[in-house]
Protein chains: 2
Amino acid sequence: MTAPRFGSLHNGPTPEQGAESFVELARTGSARVERIASRAVTNGEWYEQAWPEFVLLVAGSAALEFADGSMRDLNPGDWAFLPAHCRHRVNWTDPASETLWLAVHLPPG
Amino acid sequence: MTAPRFGSLHNGPTPEQGAESFVELARTGSARVERIASRAVTNGEWYEQAWPEFVLLVAGSAALEFADGSMRDLNPGDWAFLPAHCRHRVNWTDPASETLWLAVHLPPG
């Protein structure tokens, strides 16, 4: 199957206020690409994954929080590479507009 | 090593007119994430890769061309999933401003 597929990150489910929605866009081997939409999230769930993750903030704004208490603001075009076992969460996303992310779950190593 | 890394797609090399520049942002296993900047490309090189690729157009505009002659315009937020062996090239990118892509080379499957 070699036919390409297309889409827009601007199309997809809109989460409830304070919540996130996840849509898988592609998956091969142990890698997958996801669209994440976040709406006015505060103090999101903590994640500590056994695989690395690359996230790109495409629209809106957000801050990631890490286990040592450090925070990183993200604006459109900003990316973060989170190694395996890097404990993190979304501290907040834009209260006024939807925040869109492209997330890539990478192979363990 | 579990410290995160950060960056912005808006920072990076500016290619010559008609050319592209590639910067690797992350690599694990057989997957890698790249920033691609394109400046007024026309009739880019053909690619036919043994692995799938996911591309997101972040800024500017472009058209992808496929072996069957079909074309697909891409604007910011648009993505394409190109399966392994899907022959493609960049037919053109925005003549007036830099086009930025996030490209993910995925494991063969």
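Note on naming: letters A, B, ... go to the chains in the order of the sequence lines (proteins, then strands), and numbering restarts at 1 for each one.
- When B/Val33, B/Val104, B/Val58 are compared by the number of non-hydrogen pairs under 4.5 Å with chain A, B/Val33 comes out ahead.
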Review point. Could you walk me through whether B/Thr2 and A/Leu82 pass the side chain to side chain contact (heavy atoms under 4.5 Å, CB included) check?
Key: CA-CA 7 Å; B/Thr2 60; A/Leu82 311 172; over 6 Å; no

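- A/Leu102 and A/Phe22 fall into different hydrophobic clusters, where Ile, Leu, Val, Met, Phe, Trp and Tyr are joined by side-chain heavy atoms under 4.5 Å apart, directly or via other members.
- Residues B/Leu25 and A/Phe81 are not in side-chain contact: their nearest non-hydrogen atoms beyond the backbone lie 4.5 Å or more apart.
- Other residues, nucleotides and ligands contribute over 12 non-hydrogen atoms within 6.0 Å of the CD atom of B/Gln17.
- Hydrophobic cluster membership is shared by B/Val55 and B/Ile36, with clusters built from Ile, Leu, Val, Met, Phe, Trp and Tyr side chains linked at under 4.5 angstrom.
- Checking side-chain atoms of A/Thr28 against main-chain N and O of B/Pro107 turns up a donor-acceptor pair under 3.5 Å.
- Cluster annotation: B/Leu64 is connected to B/Tyr47 through the hydrophobic network of ILVMFWY side chains, with a link wherever side-chain heavy atoms come within less than 4.5 Å.
- Note on B/Trp46 and B/Val41: separate hydrophobic clusters, where clusters join Ile, Leu, Val, Met, Phe, Trp and Tyr whose side-chain heavy atoms are under 4.5 Å apart, directly or indirectly.
- In this structure, the side chains of A/Ser8 and B/Trp79 stay at 4.5 Å or more apart for every pair of heavy atoms.
- Of the atoms belonging to A/Leu56, it is side-chain heavy atoms, and not backbone ones, that fall under 4.5 Å from chain B.
- Taking A/Gly29, A/Pro108, A/Cys86 one by one and counting their heavy-atom pairs under 4.5 Å with chain B, the maximum is reached by A/Cys86.
- For A/Arg5, the parts lying under 4.5 angstrom from a heavy atom of chain B are both the backbone and the side chain.
- With a 4.5 Å cut-off on non-hydrogen atoms, A/Phe54 touches chain B through its side chain but not through its backbone.
- The candidate from B/Ala26, B/Ala80, B/Ala31, B/Gly7 with the greatest count of non-hydrogen atom pairs under 4.5 Å with chain A is B/Gly7.
- Under the 4.5 Å side-chain contact rule for hydrophobic residues, A/Leu9 and A/Val23 share a cluster.
- Among all heavy-atom pairs drawn from A/Pro83 and B/Ala3, the shortest one is CG-O, 3.3 Å.
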